[in-house]
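The structure under discussion appears below in the form of structure tokens.
Along the sequence shown, residues carry numbers from 1. All values derive from a computational prediction rather than experimental measurement.
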Amino acid sequence: MEDTTGSNPQSLGFTEKLKSWLSWSWTYVCFIWFGMVLIMIYVLWSPLKLQETLTSVFLNTLTPKFYVALTGTSSLISGLILIFEWWYFRKYGTSFIEQVSVSHLRPLLGGVESSSTAGLFSSVNGEAEPRPSVSECKVWRNPLNLFRGAEYNRYTWVTGKEPLTYYDMNLSAQDHQTFFTGDTQQLRPEDAVMQKAWRERNPQARIRAAYQAIEMNHEYWIGSYLHIPFILLFIPECAAAYVLLAEEEATTITEAERLFKKALSIGGYNRPYLYINLLVYIKRRLAMCARKLGRIKEAVKMMRDLMKEFPLLGMLNIHENLLEALLELQAYADVQAVLAKYDDISLPKSATICYTSALLKARAVSDKFSPEAASRRGLSTAEMNAVEAIHRAVEFNPHVPKYLLEMKSLILPPEHILKRGDSEAVAYAFFHLQHWKRAEGALNLLHCTWEGTFRIIPYPLEKGHLFYPYPGCTETADRELLPSFHEVSVYPKKELPFFILFTAGLCSFTAMLAMLTHQFPELMGVFAKAFFSTLFAPLGFFADKMESFMPSSFWHQLTRI
């Protein structure tokens with residue numbers, strides 16, 4: 001039998017040609033229609049005495065109150081449109097009228113769909129090139145994310161605000177399900193409960209599910225090995241449940257550390273193939289607990305051991321935890337050694353890598369740096385290296401300086417970040433602001449030089465200097481990751497859309513006309529007559545020229561028709 005599901009290539013080709021012809025002809029049909037309207041107005045201008053009619057109706061018959069009502073209504077309508085456009089722009093970052101025009105009207109007029117050019121950017125010679133396929137807008141786990149019970153929940157208790165968005169917590173739930181439960185075909189009852197626990201929106205529901213998983217695990221082992229009493233003394237508990245309790249039920253870092261140590265002691269009994277995942281996660285969180293409790297050297301040793309034991313887990317970015325702890329110890333030589341390994345051209349960058357490198361170079365010259373002296377004698381080699389490092393860091397993430405310079409208030413960092421976005425800037429500055437303050441003059445050097453970066457990259461969305469062009473998707477993702485009470489930083493700074501400016505001007509102009517017509521009706525009547533006379537003067541001039549070229553009998557016969 002023949003395949004009847006396919007389409008005839010000839011018929012498809014004809015359909016595409018027909019669509020193309022219709023799109024091509026639509027624009028010309030509009031122009032022809034507009035030209036015919038102008039010709040009809042011109043032909044009927046003299047017979048119907050349109051000029052006298054317009055003048056008598058709009059300038060002599062109608063009262064000034066009508067014009068006040070007309071202009072006032074126009075001002076009100078344009079004001080409402082302005083308010084809606086402004087609200088839409090603040091919420092979605094674009095103009096509603098412009099979006100509708102591009103999405104719906106442009107295809108009808110034969111324009112190219114906006115999605116077809118989304119992956120292009122201009123090269124140096126002006127030609128379109130495909131944007132490099134890089135994961136610039138991928139959401140990453142925040143290496144320094146806080147503890148929900150001991151830190152995030154305490155913030156909620158004090159302020160009444162939720163520091164984490166549902167989108168952020170949902171990403172964490174997906175991470176935990178993948179990291180701790182493994183193959184869904186081998187799930188046991190307590191594992192299924194834990195999978196559900198990570199997805200619960202209510203914190204208390206998650207905690208209850210964790211206790212339920214621990215109880216189900218006990219029942220399983222007691223039921224299976226009741227005839228061997230000796231084994232019941234070594235019942236392996238559900239380690240993932242204790243991880244959840246340490247993250248969410250513990251109200252202090254000390255309590256969280258105790259629960260993590262308990263989870264570490266039982267992590268590999270019942271699920272050997274998940275032991276590595278649990279071990280890495282738990283040891284990392286134990287190192288973070290030690291860092292928060294002031295045992296910095298112990299935390300550094302745990303992080304170094306973890307990186308040495310699992311060198312292939314570089315995507316977890318444990319080195320960023322290590323860098324922050326070493327900066328707290330002021331072990332700058334060790335920080336430089338870590339940077340030498342991870343600040344490589346072949347490795348992905350982060351705000352921690354770029355700004356820590358800039359901090360080390362700025363620290364070497366910032367204590368004696370003076371803008372006035374530098375402007376007189378020029379920058380030394382060391383100062384130039386520091387400035388270039390700052391420019392490099394700012395190009396990678398331009399949102400960080402405002403937080404470091406305290407031009408914008410900090411919030412608790414989210415559990416996930418977007419590299420080069422505002423969420424990454426918040427996460428970096430939250431932990432590293434103290435290190436910049438500790439280096440004398442570093443913030444002063446940053447303040448004097450960071451804005452110079454934008455002169456190097458005048459069109460950051462099209463062409464970068466040291467990195468790929470700045471991705472335009474960061475604003476949308478950051479609005480999902482950061483809480484609603486935080487004002488998301490946008491780069492490059494968005495200009496107001498044309499339609500907001502247009503409606504604002506229209507609203508102001510019509511309101512001014514309404515007020516002037518109400519106050520000075522006679523003067524505005526004279527102004528209106530002069531305006532319309534001037535407006536129709538080119539049309540009258542064009543009609544006189546046409547009459548001089550065309551025979552009078554032709555126009556006489558045409559007007560009779």
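- Here Glu424 does not pair with Lys419 in a salt bridge; the nearest charged N to carboxylate O distance is not below 4.0 Å.
- Here the side chains of Pro163 and Pro483 are not in contact, with every heavy-atom distance at 4.5 Å or above.
- Counting only heavy atoms from C-beta outward, the side chains of Val490 and Arg479 approach each other to under 4.5 Å.
- Atom-to-atom distance recorded for Ser508:OG and Leu513:CG is 11.0 Å, nearest 0.5 angstrom.
- Side chains of Lys402 and Ser489: a donor-acceptor N/O pair is absent below 3.5 angstrom, by distance only.
- By the salt bridge (Lys or Arg N to Asp or Glu O under 4.0 Å) test, Glu406 pairs with Lys437, sequence neighbours left out.
- Within the model, atoms CG of Leu359 and CG of Leu323 stand 11.0 Å from one another, a figure rounded to the nearest 0.5 Å.
- Because its NZ or CZ atom is not both nearer than 6.0 Å to the ring centre of Tyr470 and within 45° of the ring axis, Arg420 does not count as a cation-pi partner of that residue.
- Judged purely by distance below 3.5 Å, without hydrogens or angles, the side chains of Asn142 and Tyr428 never pair a donor atom with an acceptor atom.
- Listed for the Ser366 side chain is a donor-acceptor partner under 3.5 Å among the backbone atoms of Ala362.
- For the 3.5 Å distance criterion, the side chains of Ser172 and Arg141 qualify, holding a donor opposite an acceptor.
- At a threshold of 4.5 Å between non-hydrogen side-chain atoms, the residues Cys354 and Asn397 do not count as touching.
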Derivation of the side chain to side chain contact (heavy atoms under 4.5 Å, CB included) call for Ser78 and Thr510: CA-CA 9 Å; Ser78 56; Thr510 51; 4.1 Å; yes
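- When side chains are defined from C-beta on, Arg206 does not count as touching Trp198, because their heavy atoms never get closer than 4.5 Å.
- Lys349 forms no cation-pi arrangement with Phe396, by the criterion of a distance under 6.0 Å to the ring centre and an angle within 45° of the ring axis.
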Derivation and outcome, side chain to side chain contact (heavy atoms under 4.5 Å, CB included), residues Ile456 and His391: CA-CA 9 Å; Ile456 304 174; His391 286 176; 3.6 Å; yes
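- Two residues are said to be in side-chain contact when any heavy atoms from C-beta on lie closer than 4.5 Å; Leu146 and Pro413 meet this criterion.
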Check against side chain to side chain contact (heavy atoms under 4.5 Å, CB included), Leu171 and Leu481: CA-CA 10 Å; Leu171 290 175; Leu481 291 171; 4.1 Å; yes
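- Atoms CG and CD, from Asp422 and Glu487 in turn, are 9.5 Å apart once rounded to the nearest 0.5 Å.
- In this structure, Lys138 forms a cation-pi arrangement with Trp140, its terminal cationic atom sitting closer than 6.0 Å to the ring centre and no more than 45° off the ring axis.
- Here the side chain of Arg199 pairs no donor or acceptor atom with the backbone of Ala173 at under 3.5 angstrom.
- Remark: Arg154 CZ is loosely packed, at most 12 non-hydrogen atoms of other residues, nucleotides or ligands lying under 6.0 Å away.
- A donor-acceptor contact closer than 3.5 angstrom is absent between the side chains of Asp478 and His399.
- Side chains of His416 and Asn145: a donor-acceptor N/O pair is absent below 3.5 angstrom, by distance only.
- Checked for salt-bridge contact, Glu388 and Arg392 miss the test: no charged N lies under 4.0 Å from a carboxylate O.
- Aromatic ring pairs are classed by plane angle as parallel below 30°, tilted from 30° to 60° and perpendicular above 60°; the pair Tyr355 and Trp436 is perpendicular.
- A salt bridge does not link Arg148 to Glu247: none of the charged side-chain nitrogens sits closer than 4.0 Å to a carboxylate oxygen.
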Check residues 442-455 and write down every donor-acceptor pair under 3.5 Å in which the side-chain atom is one partner and the other belongs to a residue at least two apart or another chain.
from   : atom 1 : to     : atom 2 : distance (Å)
Thr449 : OG1    : Leu445 : O      : 2.7
Thr453 : OG1    : Trp450 : O      : 2.9

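- Although no hydrogens or angles enter the test, the distance criterion places a donor-acceptor pair under 3.5 Å between the side chain of Thr156 and the main chain of Lys161.
- At least one side-chain heavy atom of His432 sits less than 4.5 Å from a side-chain heavy atom of Thr356.
- By the 4.5 Å heavy-atom criterion applied to side chains, Ile411 and Phe485 are counted as neighbours.
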Leu412 vs Tyr152, side chain to side chain contact (heavy atoms under 4.5 Å, CB included): CA-CA, chis, key distance, verdict: CA-CA 8 Å; Leu412 295 186; Tyr152 287 120; 3.9 Å; yes
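- Interatomic distance, Gln177 CD to Gln195 CD, rounded to the nearest 0.5 Å: 5.0 Å.
- The environment of CZ in Phe84 is crowded: more than 12 heavy-atom neighbours from other residues, nucleotides or ligands sit within 6.0 Å.
- No side-chain donor from either of Glu324 and Thr352 sits under 3.5 Å from a side-chain acceptor of the other.
- In this structure, the side chains of Phe369 and Leu379 come closer than 4.5 Å at one or more pairs of heavy atoms.
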